[in-house]
Every structure is written in C-alpha cells, then in structure tokens.
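Note sheet for the following structure.
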Amino acid sequence: MSGLYFNESVILLDIECTAKEEVLTEMSRNLVDKDLVKESFINAIIKREGEFPTGLPTAGVSVAIPHTDSEHVNKKTISIGVLKEAVDFGVMGDDSETTPVKIVFMLAMDETHSQLTLLQRLMGVFQNENILNYLVSENDKTTIKQLLEQKLDLVAL
C-alpha cells in the first residue's frame, strides 16, 4: 500500500467533543482541509458509522475505526484522534451496545485491499493494552507517529 499519507498533521490530540458525530466531523474536516478526502467524506463517514458502528471495547482503552467508501478519498491516509474525554460509539457487530471510546483510528483508503491489510495490522495494536494506554497518555505527535509506523509497518503498506 504505497503512497499512504501519515504524519503529525493527521494526529489530533485532546479532542474535546461530546458526541461521536462531532468527533467524526472534526477529524474529517482536518482531512478535507488537507485535500486528502473529498467534502462528501464527512457525511459519508457519519452515515456509515450510524449504520455500521466501529467501536471496539478493547482492553483498557476502547477504540473506534470509522471508515467509508473509497469514492470519497483523494489520497489514502489514517488519522488518529485521541479524545480528552471518552465518547460513546456503537459497538461493532452489536448496535444495541455502546463503548466509551478514547482513541479513533479514522481510515481513508482508496482500495478495499489496502483497508483490509491495515485493519489486520490495527487489530494487533488493539490487542496490546500497553500500546493503547501509551497512546492516550503521550503528548508528542512525532513519538505517536513513529510508534504507529513501526507497529503498523506503514512504510511497507
């Protein structure tokens, strides 16, 4: 998956929102402003999250992995959002449950294969409580970027 855009500008720390739609809008707007996704990405990702929740009640820190169709993507990227306070997201596979999410991994992929590869690698991160706790406590975007590049093998994607 060559050509993945990932740097400090797509890592957002201390996001202050009270609803998942606000989180998704703020993170998406950042990607639109960088011309990584189309304006349509914002509504598409909110709509998809409402239909197919992506919250995962992982060990220690719940995460969400919102994504939407490639037609809304200009350049593939992954954006990381660390929330100041947890926000409820629907649980993947059980939309009657919610989980208090602290980290959002927003995927903007231009092909299905890329998304599946990245999701598989993300699952390894989600299963490591130490990494998740580190991400919510770290204030340096460069350190977060370097850790995720290593753990997700982003250079080789």
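The model shown is predicted, which means the values in this text are computed figures rather than measured ones.
- The environment of CD in Glu22 is crowded: more than 12 heavy-atom neighbours from other residues, nucleotides or ligands sit within 6.0 Å.
- By the 4.5 Å heavy-atom criterion applied to side chains, Ile80 and Val10 are not counted as neighbours.
- Taking the salt bridge (Lys or Arg N to Asp or Glu O under 4.0 Å) definition, one finds that Lys145 meets it with Glu149, sequence neighbours left out.
- Taking each heavy atom of Leu152 and Leu118 in turn, the nearest pair found is CD1-CD1, 4.3 Å.
- Side chain of Thr99 to main chain of Ser62: no donor-acceptor pair is present (N/O by atom type, distance under 3.5 Å, no hydrogens or angles).
- Annotation: side chain of Met27 is in contact with side chain of Val23 (closest heavy-atom distance under 4.5 Å).
- Taking all atoms of both residues into account, the shortest heavy-atom contact from Ser9 to Asn7 is OG-OD1, 2.5 Å.
- Sorted by first then second residue, the ring pair (Phe, Tyr, Trp, His ring centres under 6.0 Å) pairs that include residues 32-80, not counting sequence neighbours, number zero.
- With sequence neighbours left out, Ser96 forms a side-chain hydrogen bond (donor to acceptor under 3.5 Å, both in side chains) with Asp94.
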field: side chain to side chain contact (heavy atoms under 4.5 Å, CB included) between Arg121 and Asp153, worked out
entry: CA-CA 8 Å; Arg121 293 179 185 179; Asp153 198 12; 3.7 Å; yes

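- Between Ala59 and Leu132, the shortest heavy-atom contact is O-CD1, 4.1 Å.
- With Asn30 contributing its side chain and Ile11 its backbone, the two residues share no donor-acceptor pair below 3.5 Å.
- Contact annotation: the side chain of Leu36 never approaches that of Asn74 to less than 4.5 Å [non-hydrogen atoms, C-beta and beyond].
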Could you give the side-chain donor-acceptor pairs of residues 102-109 under 3.5 Å, partners two or more places apart or in another chain?
from: Lys102; atom 1: NZ; to: Leu83; atom 2: O; distance (Å): 3.0
from: Lys102; atom 1: NZ; to: Lys84; atom 2: O; distance (Å): 3.0

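- Scored by the side-chain contact (heavy atoms from CB on, under 4.5 Å) test, Ile131 finds Val125, Asn128, Leu135, Leu147, Lys151 as partners (sequence neighbours excluded).
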- prompt: When you look at Val73 and Leu31, which way does the side chain to side chain contact (heavy atoms under 4.5 Å, CB included) test go after all the steps?
  reply: CA-CA 10 Å; Val73 177; Leu31 298 180; over 6 Å; no

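- When the salt bridge (Lys or Arg N to Asp or Glu O under 4.0 Å) test is applied to Glu39, the partners found at least two apart in sequence or on another chain are Arg29.
- For Thr68, there are no side-chain hydrogen bond (donor to acceptor under 3.5 Å, both in side chains) partners two or more places apart in sequence or in a different chain.
- Rounding to the nearest 0.5 Å places CG of Asn43 at 14.5 Å from NZ of Lys38.
- Under a 3.5 Å cut-off, the side chain of Asp88 and the backbone N or O of Thr98 do not form any donor-acceptor pair.
- A distance of 5.0 Å separates OG of Ser28 from CD1 of Ile45, quoted to the nearest 0.5 Å.
- Sorted by first and then second residue, the salt bridge (Lys or Arg N to Asp or Glu O under 4.0 Å) pairs with a member in residues 45-65 read Lys47-Glu51; sequence neighbours excluded.
- Residue pairs meeting the salt bridge (Lys or Arg N to Asp or Glu O under 4.0 Å) criterion with at least one partner in residues 127-141, sequence neighbours excluded, do not occur; the list is empty.
- Ser70 and Glu111 share no side-chain donor-acceptor pair at under 3.5 Å.
- Judged as a side-chain contact (heavy atoms from CB on, under 4.5 Å), and not counting sequence neighbours, the contacts of Ile46 are Glu21, Leu24, Thr25, Ile42.
- Cluster membership check: Leu4 does not share its hydrophobic cluster with Leu116, using side-chain heavy-atom separations under 4.5 Å among Ile, Leu, Val, Met, Phe, Trp and Tyr.
- Residue Val101 is not grouped with residue Val91 when hydrophobic side chains (ILVMFWY) are merged at heavy-atom distances under 4.5 angstrom, including chains of intermediate members.
- Contact annotation: the side chain of Leu122 approaches that of Ile78 to within less than 4.5 Å [non-hydrogen atoms, C-beta and beyond].
- Applying the salt bridge (Lys or Arg N to Asp or Glu O under 4.0 Å) test to residues at least two apart or on different chains, none of the pairs has a partner in residues 53-75.
- Closest approach of Gly81 and Ile15 over heavy atoms only: CA-CD1, 3.7 Å.
- Within the 4.5 Å cutoff, the side chain of Glu26 has heavy atoms near those of the Cys17 side chain.
- In terms of the salt bridge (Lys or Arg N to Asp or Glu O under 4.0 Å) criterion, Lys34 has no residue partners (sequence neighbours excluded).
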- prompt: Between Tyr134 and Thr143, is a side chain to side chain contact (heavy atoms under 4.5 Å, CB included) present by the stated rule, with each step listed?
  reply: CA-CA 10 Å; Tyr134 177 82; Thr143 306; 2.7 Å; yes

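- Between Met123 and Ile65 the shortest heavy-atom distance is CE-CD1, 4.1 Å.
- In this structure, the side chains of Val82 and Leu12 stay at 4.5 Å or more apart for every pair of heavy atoms.
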